[in-house]
Trainee: 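Please find one structure pasted underneath; my questions will follow.
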Amino acid sequence: MPVRVPPFFRLAACLLAFAAPARADEARVSPEQQAAFADWLNIYRAEATARGLKPEWLDATLSGVALVPSVIGADRSQPGTAARPVRFPDYLASKFRGDRIVHGQRQFATHRDLLARVEAESGVPAAIIAAIWGIETSYGRVMGRHDLPSALATLAFDGRRRDLFTRELDAAVRMVGEGHALRETMKGSWAGAFGQTQFLPSSYLSHGRDGDGDGRVDLWASPADVFASIGHYLARSGWQAGETWGFRTLLPDGLDRAAVAASEPPSRCVAPLSRHSALKPARAWRALGFTPVNAAWPADDVMMSLIEPDGPGQGAYLVTRSYRAILGYNCSNLYALSVTLLADAISLPAVPAVEPVVASGAQ
Ligand SMILES: [Ca+2]
């Protein structure tokens with residue numbers, strides 16, 4: 001994916017959205033800001049035309065676009081920075097609150113055949129696809145209510161990540177212009193992600209898939225399109241067909257962490273992948289004395305790395321290369337681990353894969 005916005009940022013957006021309804025937003029825009037935004041829109045329109053976007057596409061998409069101060073506020077007050085890291089048990093508890101697991105079990109059963117078909121086509125396990133759906137939008141129930149072109153234009157105008165959001169606004173214009181979406185139905189999060197997958201517009205154009213064969217990719221309303229698109233996204237991000245994500249593990253006594261540390265710094269998703277050990281075959285971890293919790297070892301040659309999200313002795317996981325495909329969806333170990341544990345919880349309800357971690361924060 002394309003650049004993703006970590007889920008905690010989206011939570012902040014939801015809170016801000018409740019705190020600052022659109023009408024109050026409009027009242028907080030000064031005449032000077034309105035004028036600056038109007039000037040910026042004119043410049044954007046001219047530059048977008050030069051990039052090949054048709055004037056009628058721009059007219060249709062930018063109709064009714066407004067500056068939304070709460071979007072800027074959300075973008076500038078993102079929590080979870082290094083100054084106050086979020087502990088994994090607290091993060092997981094927030095992701096699994098309410099009926100996230102029980103409703104997921106029902107949804108997984110309801111869509112079992114459809115998910116199985118997407119698994120066969122993409123190589124990505126049905127439960128992982130369903131868990132992404134569950135974490136992103138609570139199985140399609142919470143998709144964001146911001147006017148998408150307004151949110152994207154506001155973030156591009158604000159400038160903190162101008163290049164990113166200018167590209168995404170371009171992609172939104174193309175979605176409308178090419179007939180993928182109706183302007184009036186384009187709702188999403190403050191950060192420009194939309195639909196049941198929470199794709200950015202550029203992800204929609206590059207990874208959206210028509211799962212129900214009606215000739216359109218509808219990520220707001222078609223479960224078949226949603227599942228096919230998530231499966232395609234993860235497959236393109238490196239999921240290895242037939243591979244599991246990994247498992248929670250007990251550590252051997254006297255583990256020498258320096259001896260299993262990675263020797264090269266990561267070249268992408270740098271901060272999360274810096275928390276991973278070297279990739280070693282499953283047989284090597286087994287020989288070191290690691291013990292899976294409620295899981296079986298994969299084939300001997302499956303490559304795995306060790307993660308301890310809260311530091312030594314606070315809970316450990318051995319994860320495959322396929323796990324890293326989830327980091328392509330959202331570059332965060334806490335996000336990816338919450339997806340994998342939710343996948344286990346909704347597909348293997350008899351296995352208490354989650355409770356010990358939430359309850360103790362340690363193994
Ligand atoms: Ca479709």
Side-chain angles (χ1 to χ4, degrees), residues 1-2 4-5 10 53-54 56-57 60-61 103-104 106-149 151-152 167-189 191-237 239 241 325-326 328-330 339 343 346-347:
M1 146 166 235
R4 297 276 309 175
V5 177
R10 291 182 221 141
L53 297 177
K54 296 179 181 177
E56 58 269 31
W57 295 1
T61 311
H103 190 60
R106 287 193 216 106
Q107 291 295 305
F108 188 67
T110 299
H111 296 287
R112 183 178 300 276
D113 292 345
L114 195 50
L115 285 163
R117 197 184 79 206
V118 175
E119 176 174 330
E121 291 169 355
S122 66
V124 180
I128 293 289
I129 293 169
I132 294 256
W133 183 42
I135 294 290
E136 290 291 342
T137 58
S138 197
Y139 315 99
R141 294 181 296 186
V142 183
M143 293 188 278
R145 297 180 178 178
H146 284 276
D147 176 57
L148 200 62
L152 293 168
R167 286 196 303 273
E168 294 302 336
L169 184 55
D170 282 0
V173 169
R174 192 168 289 281
M175 284 177 65
V176 173
E178 294 179 347
H180 301 295
L182 297 173
R183 167 67 181 88
E184 57 272 24
T185 62
M186 294 186 83
K187 303 288 184 193
S189 76
F194 67 90
Q196 300 190 31
T197 58
Q198 291 290 284
F199 276 9
L200 288 168
S202 63
S203 297
Y204 173 92
L205 293 175
S206 58
H207 295 292
R209 285 297 176 273
D210 176 20
D212 59 19
D214 70 350
R216 297 184 58 237
V217 178
D218 185 350
L219 299 184
W220 281 284
S222 166
D225 293 3
V226 168
F227 302 155
S229 298
I230 294 173
H232 178 74
Y233 193 95
L234 291 178
R236 291 291 295 270
S237 299
W239 195 284
I326 305 172
Y329 206 100
N330 190 340
V339 166
I346 64 177
S347 63

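As the structure lists them, so they are numbered: ligands from 1, and atoms in each ligand from 1.
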Trainee: What do you reckon, are the aromatic ring centroids of His232 and Trp239 less than 6.0 Å apart?
Mentor: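 Centroid separation for His232 and Trp239: 6.0 Å or greater.
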Trainee: What protein N/O/S atoms sit under 3.0 Å from the Ca ion (ligand 1), by chain and number?
Mentor: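 Correct list: Asp210 OD1, Asp212 OD1, Asp214 OD1, Arg216 O, Asp225 OD1, Asp225 OD2.
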Trainee: Is Arg209 close to Asp225 at the side-chain level, that is, under 4.5 Å between some pair of heavy atoms?
Mentor: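 The answer is no; the side chains never approach within 4.5 Å.
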Trainee: Could you check Gln196 against Trp133 for side chain to side chain donor-acceptor pair (under 3.5 Å), going step by step and ending with a plain yes or no?
Mentor: CA-CA 7 Å; Gln196 300 190 31; Trp133 183 42; 2.7 Å; yes
Trainee: Under a 4.5 Å cut-off applied to non-hydrogen side-chain atoms, are Thr185 and Phe194 in contact?
Mentor: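 Side-chain contact under 4.5 Å: no.
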Trainee: Which residues pass the salt bridge (Lys or Arg N to Asp or Glu O under 4.0 Å) test with Arg117, not counting sequence neighbours?
Mentor: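 Result, salt bridge (Lys or Arg N to Asp or Glu O under 4.0 Å) vs Arg117: Glu121.
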Trainee: Contact between Ser122 and Leu234 at the side-chain level, heavy atoms closer than 4.5 Å - yes or no?
Mentor: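 No. Closest side-chain heavy atoms not under 4.5 Å.
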